[in-house]
Q: 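Quick one: structure below, then a few questions.
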Amino acid sequence: MFCLAISILYLFRPYQFIDHNKTKIVCDNNMSYEIGPNLIFNSSGKFDEQEDKNVRKLCEYAIINDLADSYKSPEKINYHLMISYGKEGSWVDAFLISIAFFLVGSTIIENLLDSFIKMKIGKTSIIILALLGGFLMFMIFLKNPFTKVYCERQMASRINNFKKAAYGFGFERIAQEEAHIKKILSSQFKTCAK
Amino acid sequence: MKKYFSSEGILTKFVDFANLLLVITNIWIIVYTGMVDFLNFKFPPRVNEFFYRPGAAFPEPFEMPLYLILSFFLTVAIWLLAKIYLKKNMIIATPLKYFFFLILTIQFITKLDHFPLANELYPYNLRPHGMIYNIVLALYIGTISLIIVEFTFVAKIFAKKKFIIPVLFICIGFIIAFFTFEPRFPISAHEYKYFYGPIWEVISGKTLFTSIHTDYGFYATLFFALLYKFRLFSFSHLPIYVWIAFIIQYFLSFYLIFKISRSMVFALIGLFSIITINYFCFFVLPITITQYSAMRRLPSVLLLFFLYKFKKIDSRLFSLLAITDFWIVDTGISILMALGLTFLYFTFLRYINLKKFFVSIISLILFQGCVFLVINIVHLLAGYRYINYVDILNSLKEHAVTGLTMIPIESHNFFWLVILIYFASMLYVFYKKGQVEANQLIILSANLSLFNSLYFVGRSHPANILDISIIVLLNFFLLLGDVWKTILSMKLKTILTLLLFFIFIVYPAFERRYSLTELVAQKLRRIEQGQIFTLESDQILQKQFAKDLELISKNLTQKEIIILSRDETFLFFLSGKKNLLDVNPQSGIDTLSEMNFAVKKAISVCPKKIAVDCRIFQKCPLYESYSQKSLFTAPIILNTIEKRCSVQYKPTICNNHLCIAQTE
């Protein structure tokens, strides 16, 4: 139970992500645009080549979605990014869910084991053994899979935040953006999971 | 003061309850928001249907199922843990309890968003003299306070007189009628079309679901169509029925809260909380939107009333009355599911045994099946086709599965209070050994709140919290009402009364003071116009469509015709013509399959002459349709008919709204 409780604490620890509703591109011509509603995805604070091109066009011509590349992208950077972060979860939440899981699980096990095993070992010794054993089991068996899930949670928050911000464009349009976003996210996932 | 905070004190007992409640609710929120995000990422939903307005579809395959599954499993966990923890005495130091309470409360509050539509002006403009909002707010609060104080005093002074309660009930009925009365009975043309359309089609001989779709009314549509056939209903009367539904809904809510709490002041605070949040916090006059609140939620409130009257949920008479559920399609399904879940929880609580559980479920299904069968027999005898009940699920599929008009839920949400109240109800009944009757009402109201809230979970617009608020608040006040009657201290009752008044009446009214002011202003404007009991829509319809009706009657002499216009619903029932298309209103066409269904009969006939909105042929200047908000699908339908009939319609005669178009 300690092992699983530590895993859950690890899984639900907080992280932040770029909020596509509030993060703004501020153009040199003093116009500003929220990135999500303008179908611009950013999860690392820097734009990749394609998104940088889209942002330059947005600032220069006030257009988005230039799939045919009809407009020439300005040569110089004509914007700066004002990042606003959203936060997913908190340490209190992570401890709450971890402790609740531990208490409920151990109560159930205790009730089951009460009938079958009468241990003569002292309670303090059991707690210490359980703590150490649980921590070791987590580090050996569960850290990697839970890291993977934790990183996937982060990717989920980023893409879902973008989808909700860009919702006005409907689902089909967002699905077209997904192909581009997935490439960005898969490299970020690898960095997170290391 | 010390006794309240001692380990056996009332406040400490409340903190014990609140700590467990906040743990469960916080865990629900953390797991739900985390899993929805995660599942949407791992299994991204796809739209497999063609939508004419692709921006309107946002599939949410996980939100509603996860909401139900998580709520169910945590309730089962509460039940299982109640068995374990009631046997044990968990001794935690009292100061530590208060510390946990503080932390858990802060954590919960950080997950909440502001009050729905707080400080929003839409669709109104800010008045130049801002003081007016505060004046109206003060007058509103003052009026309610006066009513509550007066009625409480009268009830107390004449407590021993048997006649006083019925008299007060009648007065309260009139007060509710006054608060919800809208002079001249205005309507929102776009919203009322979704009832008028199916009603007219049924009157014209079509069968619901089989021949014509309906997004909302089922029994409601059949009821009004039947009244029309007996000349007891005219279309302009519908807002009166909506108003009556509001009065009944609010009165029954007050009645139930009063009966459970046995307190006039508590029941009145409950009533005015409901009226303030459910009625005056909405951004337009609620009566102008047929499917808002009363028409949708009244069956749920009625169900609670029946349960209170019949005392036993497994009584056959109660199951029989439960079949009034399908007044509106989606609430019928919510009610059936709420009842099923309530029977299950009653089995957990041993109010009914397992045998009675199965018998109750089977009885409910059989009664429902019998009602559906009787409706079909009456249909066949009256010359209609039988209703294909499977088609009821089509509308749900379109919205709930393919995601039409769905809005994703935000992780910071005022809605989490609904979850809090739900688990408070579950904790209360599973841990408390008390009156079965009150517990039955609390559980059923909680489950009705759970399933009615699916409407918000799917379409998470803040205004929809106000729509479901009637059931949620009723759940809350029934729960608190059961506690209220056990409180002996007058001091504590007074403090709680003031707190409830402030939190549930003053606070929402303040947050929505702009809309409150505008709704009151609209009432006053209409009173000024005079003839407050006339039906505004009658005059508007005559004025708006007189020339169009003349054009149609002179040029389209067939019984069944096609009218392609935003206002076709009104033109059909005013002209008395039957609709050659199997859709009404036309703005309800969203998908290719709906278009195919709608034009099937029309393309087999391929009429020579049809009526078409003149703007399509650019034969008139732009004008504002009566149902301007409706989606303009007429061009798409015209294009479809022309392609499939291989014809081209050309305009021959036009007025300012319509053209009569003929094939070449």
Side-chain angles (χ1 to χ4, degrees), chain A residues 8 11-12 14-15 17 19 21 86-101 103-112 114 149-179 181-182 185 189, chain B residues 19-20 22-31 33-51 53-60 62 74 77-78 80-81 83-85 87-88 90 100 103-104 106-108 110-111 402-404 406-412 460:
Chain A
I8 286 173
L11 181 64
F12 281 94
Y15 54 85
F17 57 89
D19 188 340
N21 282 299
K87 195 181 164 198
E88 184 64 36
S90 68
W91 280 110
V92 177
D93 280 351
F95 272 103
L96 172 67
I97 203 163
S98 168
I99 291 168
F101 179 82
L103 284 175
V104 169
S106 58
T107 308
I108 292 170
I109 291 172
E110 213 181 295
N111 269 280
L112 289 171
D114 258 348
V149 176
Y150 174 74
C151 293
E152 281 181 336
R153 281 191 66 213
Q154 286 201 43
M155 302 306 119
S157 291
R158 288 171 195 179
I159 197 170
N160 287 327
N161 174 265
F162 168 73
K163 278 183 183 175
K164 284 179 192 175
Y167 171 53
F169 288 92
F171 212 69
E172 276 182 24
R173 187 67 187 87
I174 296 169
Q176 289 173 33
E177 304 298 317
E178 261 184 282
I181 291 167
K182 266 190 178 154
L185 286 180
F189 176 80
Chain B
N19 281 344
L20 195 50
L22 287 165
V23 165
I24 291 167
T25 310
N26 278 325
I27 287 173
W28 189 100
I29 297 167
I30 296 163
V31 174
T33 51
M35 282 195 74
V36 161
D37 258 359
F38 187 73
L39 289 169
N40 277 320
F41 172 73
K42 288 295 270 185
F43 310 101
R46 293 276 170 252
V47 175
N48 297 318
E49 175 79 71
F50 170 78
F51 284 102
R53 36 172 186 156
F58 197 94
E60 299 169 359
F62 304 111
L74 275 176
I78 290 170
L80 288 173
L81 289 173
K83 291 181 160 204
I84 298 170
Y85 281 108
K87 291 180 198 165
K88 291 187 171 195
M90 298 243 341
F100 286 143
I103 299 291
L104 290 169
I106 291 170
Q107 274 308 104
F108 177 71
T110 56
K111 292 171 176 39
T402 51
L404 184 66
M406 294 286 112
I407 299 173
I409 200 165
E410 296 293 340
S411 52
H412 283 86
S460 306

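All figures in this text were calculated on a predicted structure; none of them were measured in a lab. Note that these values count all heavy atoms, side chains included, but never hydrogens, waters or copies made by symmetry. Order of the sequence lines sets the chain letters (A, B, ...), proteins ahead of strands, with each chain counted from 1.
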Q: Using a cut-off of under 4.5 Å for heavy-atom pairs, which of B:Val36, B:Ile407, B:Asp37 has the most such pairs with chain A?
A: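 The option with the most such pairs is B:Asp37.
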Q: Side chain from CB out, backbone as N, CA, C, O: work out which of these in B:Ile29 comes under 4.5 Å of a heavy atom of chain A, or both, or neither.
A: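 When you check distances to chain A, no heavy atom of B:Ile29 falls under 4.5 Å.
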Q: Less than 3.5 Å apart, any donor N or O on the side chain of B:Asn40 or A:Asn160 sitting next to an acceptor on the other?
A: no
Q: Do B:Met35 and B:Phe62 have side chains that get closer than 4.5 Å, going by heavy atoms?
A: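 No, every pair of side-chain atoms sits at 4.5 Å or beyond.
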Q: Out of B:Ile27, B:Ile103, B:Ile30, return the one with the most heavy atom pairs under 4.5 angstrom to chain A.
A: B:Ile30
Q: What part of A:Phe12 lies closer than 4.5 angstrom to a heavy atom of chain B: side chain, backbone, both or neither?
A: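 For A:Phe12, side-chain heavy atoms alone lie under 4.5 Å from chain B.
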Q: Is it the case that over 12 heavy atoms from other parts of the model lie below 6.0 angstrom from the CZ atom of A:Phe95?
A: no
Q: Go through the side-chain N and O atoms of B:Asn26 and A:Asp93 and say whether any donor and acceptor fall under 3.5 Å apart.
A: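 Short answer, no.
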Q: Between the main-chain N or O of B:Ser411 and the side-chain N or O of B:Thr33, is there a donor-acceptor pair closer than 3.5 Å?
A: no
Q: With chain A, which of B:Lys111, B:Gln107, B:Glu410 has the greatest number of heavy-atom pairs at distances under 4.5 Å?
A: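 Going by pairs under 4.5 Å, I would pick B:Gln107.
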Q: Which bit of B:Ile409 is near chain A, if near means a heavy-atom gap under 4.5 Å: side chain, backbone, both or neither?
A: backbone
